[in-house]
Number of protein chains: 2
Amino acid sequence: MPRSRAPSEPRLEGRLRRLRTAGHRITAQRKAVLRALAGMGCACGAEDIHARARRIYPRLGLVTVYRTLGALVREGLAQTVQLDDGRIRYELRDDGRHHHHLVCLSCGAIARLETCAVGPLQQAGRRRGFTVTAHRLELFGYCGDCRSLEREAR
Amino acid sequence: MPRSRAPSEPRLEGRLRRLRTAGHRITAQRKAVLRALAGMGCACGAEDIHARARRIYPRLGLVTVYRTLGALVREGLAQTVQLDDGRIRYELRDDGRHHHHLVCLSCGAIARLETCAVGPLQQAGRRRGFTVTAHRLELFGYCGDCRSLEREAR
DNA sequence: TATGTAAATGAAAGTCATTTTCATTATCTC
DNA sequence: GAGATAATGAAAATGACTTTCATTTACATA
């Protein structure tokens with residue numbers, strides 16, 4: 001009896017199709033990056049994605065990861081998250097649902113937050129002559145685990 | 001009859017006092033950086049600030065600008081704005097009033113936005129076990145001037 | 001007002017994430 | 001299957017920012 005297919009595989013197919021439709025070629029490297037990205041728990045840096053994707057395609061170069069991530073972002077399949085340190089994190093857009101991030105300043109965990117309340121700010125921008133096309137909102141703080149640890153340390 | 005003093009000068013004095021109180025020494029370079037920063041129309045990068053401060057103190061090094069900006073941020077006299085690509089802009093905290101930014105993707109102009117509506121997000125974070133201590137919100141788009149230019153170009 | 005000391009400076013060198021170059025390889029169209 | 005051209009990877013380049021270290025300077029103290 002075959003093991004059931006991993007739940008992300010059908011999505012992988014769809015993403016590859018979207019890439020191909022956009023004029024990109026499908027390579028083993030790109031599949032590896034996509035699968036690595038799908039397997040990450042939260043938004044991650046290029047190095048981390050490289051490390052994981054190498055388990056699938058060992059000779060994968062970091063440069064290719066950067067290029068693939070760039071293409072994914074350009075085609076709307078992935079998006080970036082900017083943390084305080086200036087490094088860029090990437091995450092797949094599973095569902096295209098708009099969301100923001102909660103970043104733990106202690107352990108670096110990144111949680112999704114589906115709520116968004118920038119409507120009034122966009123209007124305020126419009127009143128100032130701006131056409132707002134995008135926004136970026138990150139909340140920083142401490143997750144439950146880290147707060148507990150801190151309390152124990154005291 | 002003497003010309004009236006520039007309006008930012010008394011503030012300069014206060015800022016220097018705050019720096020000194022925090023254990024820093026007052027140097028011609030730091031005065032130049034502070035005055036340059038006060039004269040910038042909006043949040044600017046270290047290079048721009050360096051260029052302007054050099055008009056006051058020509059032998060000023062870029063390294064000193066970075067160091068001074070760092071100290072100003074640490075002492076709460078200035079704050080940073082993160083651009084889309086991770087580059088850092090600096091601005092004085094005139095009044096300490098909390099605000100966000102409108103960043104023009106075409107000319108790089110940064111406008112202030114006094115509105116803030118992250119309260120609901122903080123609550124959503126709390127519901128997820130997070131203690132939110134800070135946030136960062138930037139709106140990206142096109143300012144009136146750049147939109148007009150774009151229209152002309154067509 | 002002199003002086004010692006630690007902070008500040010600037011030039012050059014170093015980081016480090018990300019990008020570019022370019023020769024080679026591989027995909028996909030015909 | 002062949003050819004065009006996109007993709008790859010290694011190495012070098014970039015660019016914003018930081019560190020190092022010898023020299024200068026501010027400012028507390030004598």
Side-chain angles (χ1 to χ4, degrees), chain A residues 13 15-34 36-37 43-54 56-75 77-90 108, chain B residues 13 15-34 36-37 43-51 53-54 56-75 77-90 103 108:
Chain A
E13 295 303 327
R15 290 181 178 122
L16 290 173
R17 213 174 306 121
R18 280 182 64 181
L19 269 186
R20 187 149 36 197
T21 307
H24 297 280
R25 292 181 180 174
I26 303 312
T27 64
Q29 289 91 330
R30 286 179 176 171
K31 282 188 206 167
V33 171
L34 266 172
L37 208 46
C44 286
E47 287 278 10
D48 292 340
I49 295 161
H50 181 221
R52 194 184 180 106
R54 248 196 211 284
I56 302 167
Y57 188 90
R59 1 173 334 188
L60 179 69
L62 178 58
V63 190
T64 298
V65 173
Y66 273 109
R67 277 189 286 229
T68 302
L69 290 171
L72 292 176
V73 170
R74 247 174 281 119
E75 302 306 341
L77 290 161
Q79 63 189 350
T80 61
V81 187
Q82 283 259 2
L83 260 52
D84 242 14
D85 59 5
R87 233 177 298 169
I88 300 171
R89 309 280 187 115
Y90 298 84
Chain B
E13 294 304 325
R15 290 182 177 122
L16 291 173
R17 212 174 307 120
R18 280 182 62 180
L19 269 187
R20 188 148 36 196
T21 307
H24 298 280
R25 293 180 181 176
I26 304 311
T27 64
Q29 288 92 331
R30 286 180 176 171
K31 282 188 204 165
V33 171
L34 266 171
L37 208 46
C44 287
E47 288 278 9
D48 292 340
I49 294 160
H50 181 222
R54 249 193 210 284
I56 301 166
Y57 189 89
R59 358 172 334 187
L60 180 68
L62 179 58
V63 191
T64 298
V65 174
Y66 274 110
R67 276 188 287 225
T68 303
L69 290 171
L72 292 175
V73 170
R74 245 173 283 120
E75 302 306 341
L77 290 161
Q79 63 188 349
T80 60
V81 188
Q82 282 245 13
L83 260 52
D84 231 13
D85 56 8
R87 250 180 302 167
I88 300 170
R89 305 275 193 120
Y90 297 85
V103 181

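To find a chain, count down the sequence lines: A is the first, B the second, and so on, and within it residues start at 1. The structure displayed is predicted, hence computed values, not measured ones.
- Rounded to an integer number of Å, the gap from A/Leu19 CG to D/dA7 P is 10 Å.
- OP1 or OP2 of C/dT19 has not a single side-chain nitrogen or oxygen of A/Tyr66 nearer than 4.0 Å.
- Side-chain contact between A/Gln82 and A/Ile88 is present, with at least one heavy-atom pair separated by less than 4.5 Å.
- In this entry the distance linking CG of B/Leu62 with P of C/dA13 reads 16 Å, nearest Å.
- Following rounding to the nearest Å, A/Glu47 (CD) and C/dT19 (P) show an atom-to-atom distance of 13 Å.
- Spacing between atom NZ of B/Lys31 and atom P of C/dT9 amounts to 12 Å, rounded to whole angstrom units.
- Side-chain N/O atoms of A/Gln29 include none lying less than 4.0 angstrom from OP1 or OP2 on C/dA26.
- With DNA chain D read from its 5' end, the first of the two nearest nucleotides for A/Val65 and B/Gly45 is the one closest to A/Val65.
- Taking side-chain N and O atoms only, B/Arg25 has no distance below 4.0 Å to OP1 or OP2 of C/dA6.
- In this structure, B/Leu34 and B/Arg30 have side chains that are not in contact, with every pair of non-hydrogen atoms separated by 4.5 Å or more.
- For A/Arg67 against C/dT19, no side-chain N or O and base N or O form a donor-acceptor pair under 3.5 Å.
- If you take CZ on A/Arg74 and NE2 on A/His24, they are separated by 6.5 Å, rounding to the nearest 0.5 Å.
- The nearest whole Å value for the distance from the CZ atom in B/Arg59 to the C1' atom in C/dA11 is 11 Å.
- Atom C1' of nucleotide C/dT27 and atom OH of A/Tyr57 are separated by 12 Å, given to the nearest angstrom.
- Set against C/dA12, D/dC17, D/dG9, the side chain of B/Val63 has C/dA12 as its closest nucleotide.
- Among the protein residues, B/Arg87 comes within range of the sugar-phosphate backbone only, with heavy atoms under 4.0 Å from sugar or phosphate atoms but none that close to a base.
- Separation of atoms NE2 (B/His50) and CG (B/Leu62) is listed at 5.5 Å; rounding is to 0.5 Å.
- Between A/Thr27 and D/dT8 there is a side-chain N or O to OP1 or OP2 distance below 4.0 Å.
- For A/His24 and D/dA7, the shortest distance from a side-chain N or O to OP1 or OP2 is below 4.0 Å.
- At least one side-chain heavy atom of A/Val33 sits less than 4.5 Å from a side-chain heavy atom of A/Leu60.
- Not a single donor-acceptor contact under 3.5 angstrom links the side-chain atoms of A/Arg30 to the base of D/dA7.
- When rounded to the nearest whole Å, the span between CG of B/Leu72 and P of C/dA8 equals 12 Å.
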